[in-house]
2 protein chains.
Amino acid sequence: MNMIKNIAKDKITLKDIADIAGVTSMTVSRVVSGKGSVKETTRQRILKIVREMDYKPNLLARSLSSMRSMTIGVIIPKTEQVFLDNYLAQILTGIMAVVKEYDYKLMIYPVEDSESKGNLYLTVARSKLVDGIILLKPKIHDKNLKSLAESGFPYILVNHRSEEQFYNYIDTDMHGSTVMVTEYLFEKGCRRIGFVAGNREEQNSLDQLAGYHSGLKKMGLNFEEDLVIYAEGHAGKAYSDMDNWLSPHQMPDAIICATDYIAIAVMDRLKSENISVPDDIAVVGFNDIDLAKFTQPKLTTVKQPLLGLGKTAAENLIGLIEGEKTSPVQTSLDLQLIVRESA
Amino acid sequence: MNMIKNIAKDKITLKDIADIAGVTSMTVSRVVSGKGSVKETTRQRILKIVREMDYKPNLLARSLSSMRSMTIGVIIPKTEQVFLDNYLAQILTGIMAVVKEYDYKLMIYPVEDSESKGNLYLTVARSKLVDGIILLKPKIHDKNLKSLAESGFPYILVNHRSEEQFYNYIDTDMHGSTVMVTEYLFEKGCRRIGFVAGNREEQNSLDQLAGYHSGLKKMGLNFEEDLVIYAEGHAGKAYSDMDNWLSPHQMPDAIICATDYIAIAVMDRLKSENISVPDDIAVVGFNDIDLAKFTQPKLTTVKQPLLGLGKTAAENLIGLIEGEKTSPVQTSLDLQLIVRESA
DNA sequence: CTGAAAGCGCTAACAG
DNA sequence: CTGTTAGCGCTTTCAG
C-alpha cells in the first residue's frame with residue numbers, strides 16, 4: 001500500500017511532486033504545463049506521480065507568474081432581463097463554444113445600467129483576472145468605452161457599430177435588414193407600415209429605426225410619427241401603447257417590431273382586439289428566437305446570426321489577445337428574413 | 001501640471017503608490033483593501049494618489065496571497081441548449097443577483113455531457129480560481145459528485161435531490177407538485193391523463209415521473225404505459241412521438257408536460273391536428289417561462305421559483321464558503337400552479 | 001497605527 | 001534536457 005495516498009490532496013504543489021520525483025519543480029512545471037521539453041522517461045515518471053497524488057495546478061499562481069489568465073470576461077448589460085433574454089443567451093452560447101475550443105475560461109460581469117463607479121472596464125482589465133473582454137450591447141453614451149479603447153487592453157464590442165474608426169466591434173447589419181423588411185412588406189401591398197422601436201440607448205436599435213426611415217423613403221412612403229411606438233424594447237409597453245392605434249383609421253397595415261418578444265406581445269394585443277394577423281395586419285419580428293415558430297400564426301422574423309456573433313466576437317478577441325489580429329477589428333454580419341405566417 | 005499622470009497606468013502597483021506617499025506598500029494595502037486601520041490623514045493622502053494614478057488592484061496577486069478568490073463557479077450542463085434554455089438562464093440570473101450583492105465574481109464552466117477527463121469538479125476546486133461551485137442539474141449517474149462532496153470543497157447541487165445524507169442541494173418539490181397537477185386535472189374531470197417526460201438522467205425529471213405515478217394512484221387511476229411519452233426533454237421528439245396518440249381512442253384527455261417548451265410543441269401538434277385545447281385536451285406545462293402567457297391558449301403551468309433557486313443556492317454556497325453554514329445544506333422550495341387557459 | 005519579513009505557487013530567463 | 005535565480009503583486013504575521 002502506498003502511504004502517499006493518505007496525504008491531504010488539496011495542497012499538493014509542484015514542489016511536492018518534484019521532491020518525490022527527485023527533480024526540481026521546474027521540471028515538473030514543464031511536464032504539467034506542457035511547455036518545454038523533458039526526457040521521456042522522467043516525464044512519464046512525473047506524470048505517474050502527478051496522477052497518484054492527484055495533483056491539480058494552482059491556476060492563480062500560474063496566471064500571476066505568466067501574466068496570462070487564459071480567461072475572457074463578458075460584460076453583460078443588466079437591464080431587467082439579462083439572461084432571461086434569449087438574445088444574450090444565444091450570443092453567450094456562441095462565445096462559450098469558442099472559449100472552450102481555445103481552452104480559455106469565462107468570467108461574467110453583469111453591469112447595472114446606473115453603474116458608473118470608477119470605470120468598471122478598466123478595473124476589470126487591470127485586475128488581471130481576464131486577458132480580454134467582450135462587451136455585449138453597450139449603451140451608446142457610455143463614457144467609459146473610450147478610455148477602454150485607449151488603454152490598449154483587448155476588447156470587442158458586440159452589436160455596437162460605431163462611426164469612430166478605432167473601436168473594435170462585431171455587428172449585424174440592422175440598417176440594411178430593416179430596409180429589406182420594409183421593402184418586403186411594401187411588395188406585399190402594405191402602405192401604412194408601423195414600427196415598434198427598441199431601446200434607443202443601443203446603437204443597434206437606432207440603426208433599425210434609421211433603416212425603417214430609409215426603407216420608407218426608398219419605397220416612396222412618407223414617414224408618419226403616429227406609426228411609431230417608442231417601446232424602448234419593452235414588450236409590455238408595446239402592448240399598452242398600441243392603444244393609440246386602436247381606432248380604425250389609425251391602424252397600420254403592417255408592424256415591424258424591434259424584437260420577437262415585442263412582436264409576440266403585439267400579436268397578442270391584436271388577437272385580443274380581434275384583428276387578424278396577417279390578413280388585417282402583417283407583423284414582422286427580429287431575432288428569430290426559439291419560440292417564433294410556435295406562435296399562432298408563426299412569426300415572420302429577421303434571423304440574427306447570434307451564435308455566429310458570439311463566436312466571431314470570441315475568435316476575434318482571442319486573436320487580439322494572442323497578437324494574431326490588430327485593432328481595429330470591424331465586422332458586420334448579414335441577417336436573413338425568415339418568412340413564416342405572420343407576414 | 002503633474003508629471004505623474006504621464007506614467008503608463010497599467011502596471012502601477014501598491015509599491016508605486018507607497019513610494020509616492022512616503023509609506024510602505026503595507027499601509028497602502030490596508031487602505032485599498034479596507035482591512036486594518038490607517039491614520040485618517042494618511043488614508044486620505046493615499047486615496048488621493050490612488051485616484052490620480054488610477055491604480056487598480058491586481059486581483060490575481062490578491063487572491064494568491066489571501067487564498068480567497070471572491071468568485072464562485074457555476075457548472076452548466078452543456079446539452080444542446082445551455083443558455084438557450086430559459087430555465088438555466090433564470091437560475092443564473094438569481095445567482096448573479098446574490099453574487100453581486102456579496103461582491104463576489106462569477107465564473108462559468110460549461111460541461112459537455114461526455115466529458116469525464118479527470119474530474120472537472122476537483123480540477124476547478126483546486127485551481128483556486130473559485131471559492132466554491134454551484135452545479136446546475138447534474139446527471140444522476142455522475143460519478144464525480146461523490147469525490148467532490150468528500151473533498152470538503154464548498155459546493156451546492158441545484159435541482160438534484162439526493163437520498164444520500166451528505167450532499168448539499170437546493171431543490172424544488174417536483175414530486176409533490178406533479179401530484180398536485182394530476183389532482184387538479186382529475187378534479188377538472190380528466191380520467192386519461194398523459195405525461196410527456198423530461199430527461200431521465202436528471203433527478204428532477206425522475207421525481208416528476210414518480211409524482212405522476214403517485215398522483216394517478218392517489219386519484220384511483222391506473223397507470224398506462226401508452227399514456228407516457230419519453231421525450232427526454234426534447235420538444236421535437238414530443239411533437240413527433242404524439243403520432244402514437246393520434247387515433248381517437250388512444251388520445252388522453254389531459255397532458256402533463258415536463259417543460260413549457262414541450263407543452264408548446266404539444267399544443268402546436270394538437271392545433272395542427274385540429275384538436276382543441278383545453279376543450280378536447282387539457283395541457284399543463286412546467287416552469288412558467290416568459291412566453292407561457294403569450295401562447296394561444298395561454299399556458300397553464302407550474303411555476304418554478306427559479307430565481308429563488310438561484311438565489312438560495314448562491315446564498316447557501318457563500319454561507320458555506322464563509323463558514324456561516326455547515327454541510328449538509330438541504331432545502332426544497334415549493335412550486336405553484338399557475339392556472340391560465342390551457343387547462 | 002505602521003513597518004519588516006516571508007511567502008502564496010508558479011514560471012521567465014538564463015545557465016550549464 | 002535540467003537547474004538556478006528571481007520575481008509576479010499582494011497579504012499574513014509579527015514587531016514595534
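A note on names: the letters A, B, ... follow the listed sequences, proteins ahead of strands, and every chain is numbered from 1.
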Just to be sure I understand the rule, does B:Thr27 reach a base, reach only the sugar-phosphate, or reach nothing, if contact means heavy atoms closer than 4.0 Å? sugar-phosphate
Which of the following nucleotides, D:dG9, D:dT11, C:dC10, is nearest to the side chain of B:Met26? D:dT11
What does B:Ser63 touch in the nucleic acid at a heavy-atom separation under 4.0 angstrom: a base, only the sugar-phosphate, or nothing? nothing
Here's a test of your reading of the structure: between A:Met67 and B:Ser66, which maps to the more 5' nucleotide of DNA chain D? A:Met67
Taking only the side-chain nitrogens and oxygens of A:Ser65, find out if one of them lies under 4.0 Å from OP1 or OP2 of C:dC10. no
With a 3.5 Å distance limit and no angle check, can you tell me whether A:Ser65 reaches the backbone of A:Ala61 through a side-chain donor-acceptor pair? no
Which is true for B:Ser37 with a 4.0 Å heavy-atom rule: it touches a base, it touches only sugar-phosphate, or it touches nothing? base
Tell me yes or no: between the side chains of A:Asp131 and A:Tyr104, is some donor less than 3.5 Å from an acceptor? no
When all nucleic acid strands are considered with a 4.0 Å heavy-atom cut-off, which category describes B:Ser33: base, sugar-phosphate, or nothing? sugar-phosphate
A:Thr24 side chain N/O closer than 4.0 Å to the phosphate oxygens (OP1, OP2) of D:dT2? no
Quick one: do the A:Asn316 and A:Thr331 side chains pair a donor with an acceptor below 3.5 Å? no
Keeping the roles fixed (side chain from A:Thr24, backbone from A:Met26), state whether a donor-acceptor pair exists under 3.5 Å. no
Give a yes/no answer on whether the side chain of B:Thr13 brings an N or O atom under 4.0 Å of OP1 or OP2 in D:dC8. no
Phosphate oxygens OP1/OP2 of C:dC10: is one of them under 4.0 Å from a side-chain N or O of A:Tyr55? yes
Per nearest nucleotide of DNA chain C, the residue lying toward the 5' end, B:Lys39 or A:Leu59, is B:Lys39
Quick check against the 3.5 Å criterion: does B:Ser63 have a side-chain atom that pairs as donor or acceptor with the backbone of B:Arg68? yes
Distance in angstrom units between B:Arg126 CZ and C:dG9 P, rounded: 13 Å
Choosing from C:dT2, D:dC8, D:dC10, which nucleotide comes nearest the side chain of B:Leu14? D:dC10
Answer yes or no: does a side-chain N or O of A:Thr42 lie under 4.0 Å from OP1 or OP2 of D:dT2? yes
Output the rounded distance in Å from CZ (A:Arg30) to C1' (C:dA15). 11 Å
